[in-house]
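When reading the values below, keep in mind they use all heavy atoms of this one structure, side chains included, and skip hydrogens, waters and symmetry mates.
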Amino acid sequence: MARTDYYDDPSAPTPNTIVPGGSAVVIDDTGRVLLHRRRDSGLWALPGGVMDVGETIAEAVAREVIEETGVVVEITGLVGIYSDPRHVIAYSDGEVRQQFNICFRARPTGGDSHATSEASEVRWIHRDEFDTLDMHPTQRLRLTHAFDETRSVPYMG
């Protein structure tokens, strides 16, 4: 299914749903971040997805990281809550979501990073490479917040 992300775009379709989802800023021992290139949009993104009935948001994010990247993680903290109504995600099946994402910090504990059915590429990226990647602005915002050493509380917006 194809996906199109809009941000502060007056031509974006009107959302018809909000779905609880989450993502993870997975940082390895050398300071690199786990990112994947989404098959549905072609954009680089943090791994994550939506909750299933019967799981917590942290469990959902850990499951989604494995499904999208092959990497097993431990959730270690909270980056922020992202619910900006200017971020609209349209799917080819007619669903149009308003963003709702809880972004966690995580560390890898196992697995092997590799392409999956959801990710055409999976890479460990150094911070100085972020600007070279085709990425939605909301993904960059989460990365900025994750590395902001002056931030003492999670982002809420």
Side-chain angles (χ1 to χ4, degrees), residues 1 3-10 12-28 31-69 71-91 93-109 111 116 118-119 122-125 127 129-131 133-157:
M1 176 172 14
R3 168 186 168 136
T4 304
D5 284 79
Y6 298 87
Y7 186 71
D8 203 19
D9 185 342
T14 302
N16 54 33
T17 187
I18 296 177
V19 177
S23 58
V25 178
V26 182
I27 304 172
D28 72 7
R32 298 175 305 167
V33 175
L34 182 66
L35 294 176
H36 72 291
R37 185 187 297 268
R38 299 181 61 97
R39 287 190 189 271
D40 58 7
S41 69
L43 297 175
W44 286 94
L46 297 165
V50 300
M51 287 176 65
D52 288 338
V53 173
E55 66 185 354
T56 68
I57 188 65
E59 291 168 340
V61 169
R63 173 185 50 77
E64 287 284 350
V65 173
I66 295 169
E67 289 176 5
E68 292 180 351
T69 70
V71 176
V72 179
V73 298
E74 174 188 16
I75 302 297
T76 60
L78 181 63
V79 174
I81 300 170
Y82 299 83
S83 59
D84 188 341
R86 296 176 299 167
H87 183 192
V88 174
I89 306 149
Y91 294 90
D93 68 354
E95 181 183 11
V96 182
R97 292 182 191 166
Q98 175 183 316
Q99 169 191 238
F100 182 85
N101 184 282
I102 300 175
C103 184
F104 293 94
R105 283 185 180 80
R107 66 177 192 85
T109 60
T116 66
E118 297 182 51
V122 176
R123 290 180 34 206
W124 290 97
I125 308 288
R127 288 172 61 183
E129 297 176 76
F130 292 161
D131 289 340
L133 301 174
D134 189 14
M135 187 183 302
H136 193 270
T138 59
Q139 298 292 308
R140 289 190 195 286
L141 181 64
R142 293 174 204 167
L143 286 166
T144 298
H145 291 158
F147 287 101
D148 182 355
E149 295 174 8
T150 65
R151 183 174 286 285
S152 60
V153 297
Y155 173 81
M156 289 180 267

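- Here the closest heavy-atom approach between residue V25 and residue V79 is recorded as CG2-CG2, 4.2 Å.
- Under the 4.5 Å side-chain criterion, counting only non-hydrogen atoms from C-beta, V88 is not in contact with D9.
- To the nearest 0.5 Å, atom OG of residue S83 and atom CD of residue Q98 are 7.0 Å apart.
- For the atom pair R39 CZ and E68 CD, the distance stands at 11.5 Å (nearest 0.5 Å).
- In this structure the side chain of V50 reaches within 4.5 angstrom of the side chain of R97, judged on heavy atoms.
- Looking only at side-chain heavy atoms (C-beta outward), V96 and T14 stay at 4.5 Å or farther from each other.
- Note on ring orientation: taking the six-membered ring where Trp is involved, the planes of H87 and H136 are parallel (angle under 30°, cut-offs 30° and 60°).
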| query | Do R140 and D131 pass the side chain to side chain contact (heavy atoms under 4.5 Å, CB included) test, and can you show the C-alpha distance, the side-chain angles, and the key distance before you say yes or no? | reply | CA-CA 9 Å; R140 289 190 195 286; D131 289 340; 3.8 Å; yes
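- To the nearest 0.5 Å, the span separating CD1 on I18 from CD on Q99 amounts to 10.5 Å.
- Under the 4.5 Å side-chain criterion, counting only non-hydrogen atoms from C-beta, L46 is in contact with V33.
- Side-chain atoms of T116 and E67, non-hydrogen and from C-beta on, never get closer than 4.5 Å to each other.
- Atom CG of D84 sits about 8.5 Å away from atom OG1 of T138, to the nearest 0.5 Å.
- The side chain to side chain contact (heavy atoms under 4.5 Å, CB included) test with L35 is passed by exactly one of Q139, E129, M135: M135.
- With 3.5 Å as the limit, one finds no donor-acceptor pair spanning the side chains of Y91 and D40.
- By the 4.5 Å heavy-atom criterion applied to side chains, I57 and F104 are counted as neighbours.
- A 4.5 Å side-chain heavy-atom check between H36 and E118 finds every atom pair outside the cut-off.
- Ring-plane geometry between Y155 and Y82 is classed as parallel, the angle between the planes falling under 30 degrees on a 0 to 90 degree scale with a further cut at 60.
- R105 places a side-chain N or O within 3.5 Å of a backbone atom of L78 that can act as its donor or acceptor partner.
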